[in-house]
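Here's the structure, in structure tokens; my notes come after.
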Amino acid sequence: MKNLQQIEELKKEQLNLSKKLKIKDRIPVEKIKTVAGIDVTFTDVWKNPTTGIACIVVMDVTENFKVIETVYVEDTVDFPYIPTFLAYRELPVILKAYEKIKTKPDAFMLDGMGILHPRKMGIASHFGVITDTVSVGCGKSKLVGDYEEPPNKKLSYSPVYVDGELRGFAVRTKKNANPVFVSPGNNISVESSLKLLIKSLGRYKLPEPTRTAHILLQKYRKRLIS
DNA sequence: GCGACAG
DNA sequence: ATCTTGTCGC
């Protein structure tokens with residue numbers, strides 16, 4: 001567990017980091033070619049501490065999602081999952097993987113939220129601020145915000161608001177599938193985060209970069225524990 | 001006071 | 001997040 005004092009400290013840290021956010025385009029989405037998908041899994045999710053495994057897959061979204069580079073990193077993780085503090089659990093191992101990649105992708109796509117977070121510091125934003133990169137968060141479920149269910153039609157979407165402010169979109173990436181939630185991590189606008197998500201979509205519900213990272217991790221994990 | 005709550 | 005194959009329904 002974790003004591004209340006420490007949580008309050010981390011909240012302050014998130015608020016401080018949020019001051020460094022740049023929610024505007026560093027590069028037009030039209031010029032983005034390479035997108036890195038980032039995901040994390042654990043050998044034992046119920047245990048603490050446990051071993052976390054991070055995977056980063058760099059791919060060219062303009063060349064049929066051709067994979068350019070893949071890296072994996074294992075590391076001990078000793079921080080529980082606490083809603084709104086996901087970064088403190090998963091970011092350390094992710095940063096190790098980040099240091100390992102040799103190519104410099106135009107943008108990063110993470111599993112989870114960007115500024116669609118109570119303090120605008122979802123894991124994608126935290127990552128983007130720490131590394132000063134273009135990042136986007138795309139999660140399978142909502143953490144915070146108000147929105148209306150988008151129509152059941154491929155690529156329909158609806159805005160998600162927090163404190164009356166537009167923070168992201170609920171996007172129906174596939175017909176008959178629940179919407180995903182996209183928001184800027186850092187160095188990109190809310191509208192462009194939606195454009196990049198759409199640009200990163202293949203024939204599945206989840207964007208290819210994170211979907212691929214997730215699949216590769218499942219295989220890596222099975223090989224590791226078996 | 002009660003419910004909600006990324007992975 | 002993970003345990004797990006086939007099966008039902010839009």
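Chain identifiers are assigned alphabetically (A, B, ...) following the order of the sequence lines, protein sequences preceding nucleic acid strands; residue numbering begins at 1 within each chain. Predicted, not measured: the structure shown is a model, and the values here were computed from it.
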**OP:** On DNA chain C, check which nucleotide each of A:Asn176 and A:Ile225 is closest to and give me the residue with the more 5' one.
**Re:** A:Ile225

**OP:** Report which part of the nucleic acid A:Gly139 touches: base, sugar-phosphate, or nothing (heavy-atom distance under 4.0 Å, all strands).
**Re:** sugar-phosphate

Original post:
Do any side-chain nitrogens or oxygens of A:Arg172 fall under 4.0 Å of OP1 or OP2 in C:dC10?
Top reply: no

Subject >> Short side-chain N/O contact to C:dT2 OP1/OP2 from A:Gln218, under 4.0 Å >> reply: yes

Subject >> Nucleotide B:dG7, atom C1' - distance to CG of A:Leu143 in whole Å >> reply: 10 Å

**OP:** Figure out the CG/C1' separation between A:Leu86 and B:dG7, and round it to whole Å.
**Re:** 5 Å

Original post:
Side-chain donor-acceptor pair under 3.5 Å between A:Thr84 and A:Arg119, yes or no?
Top reply: yes

Original post:
Can a side chain N or O of A:Thr41 be found less than 4.0 Å away from OP1 or OP2 on B:dG7?
Top reply: no

Original post:
Between B:dG7, C:dA1, C:dC3, which nucleotide has the shortest distance from any of its atoms to the side chain of A:His214?
Top reply: C:dA1

Subject >> Each stem that DNA chain C is part of, given as range with range (3 or more consecutive Watson-Crick or G-U pairs, under 3.5 Å) >> reply: none

Original post:
What's the CG-P distance between A:Leu116 and B:dC5, to the nearest Å?
Top reply: 13 Å

Original post:
Are any of the side-chain heavy atoms of A:Pro105 and A:Val35 separated by less than 4.5 Å?
Top reply: no

Original post:
A:Trp46 has an atom CH2; how far is it from atom C1' of C:dT2, in whole Å?
Top reply: 7 Å

Original post:
Would a line drawn from the ring center of A:Tyr161 to the ring center of A:Tyr147 be shorter than 6.0 Å?
Top reply: no

Original post:
Do A:Gln6 and A:Tyr88 have side-chain N/O donor and acceptor atoms under 3.5 Å apart?
Top reply: no

**OP:** Classify the nucleic acid contact of A:Lys140 as base, sugar-phosphate or nothing, counting any heavy atom under 4.0 Å across all strands shown.
**Re:** sugar-phosphate

**OP:** Indicate, with a heavy-atom threshold strictly under 4.0 Å, whether A:Ile123 touches base, sugar-phosphate, or nothing.
**Re:** base

Subject >> Centroid distance under 5.5 Å and plane angle under 30°, A:Tyr81 vs B:dG7 >> reply: yes

**OP:** Check step by step if side-chain contact (heavy atoms from CB on, under 4.5 Å) holds for A:Lys140 and A:Leu206.
**Re:** CA-CA 8 Å; A:Lys140 297 177 288 298; A:Leu206 299 178; 3.7 Å; yes

Subject >> Euclidean distance, atom CG of residue A:Asn152 to atom C1' of C:dC10 [Å, nearest integer] >> reply: 8 Å

Subject >> A:Leu217 side chain reached by A:Tyr72 side chain, heavy atoms, under 4.5 Å >> reply: yes

Original post:
For the side chain of A:Val45, counting heavy atoms from C-beta on, which of B:dA6, C:dT2, B:dG7 is nearest?
Top reply: C:dT2

**OP:** Specify the separation, in whole Å, of atom CD1 of A:Ile94 and atom C1' of B:dG7.
**Re:** 10 Å

Subject >> Side-chain N,O (A:Thr84) to OP1/OP2 (B:dA6) below 4.0 Å >> reply: no

Subject >> Nucleotide nearest A:Asp39 when distance is taken to its side chain, options B:dG7, B:dC5, C:dT2 >> reply: B:dG7

Original post:
Could you go step by step and tell me if A:Ser125 and A:Met121 meet the side-chain contact (heavy atoms from CB on, under 4.5 Å) rule?
Top reply: CA-CA 5 Å; A:Ser125 292; A:Met121 268 305 195; 3.9 Å; yes

**OP:** Consider only side-chain N and O atoms of A:Lys120 and A:Ser18, and report whether a donor and an acceptor are under 3.5 Å apart.
**Re:** no

Original post:
Between atom NZ in A:Lys205 and atom P in C:dC10, what is the gap in whole Å?
Top reply: 18 Å

**OP:** Could you tell me whether A:Phe85 contacts a base, only the sugar-phosphate backbone, or nothing, with contacts defined as non-hydrogen atoms closer than 4.0 Å?
**Re:** base

Original post:
Whole-Å distance between B:dA4 P and A:Tyr147 OH?
Top reply: 13 Å

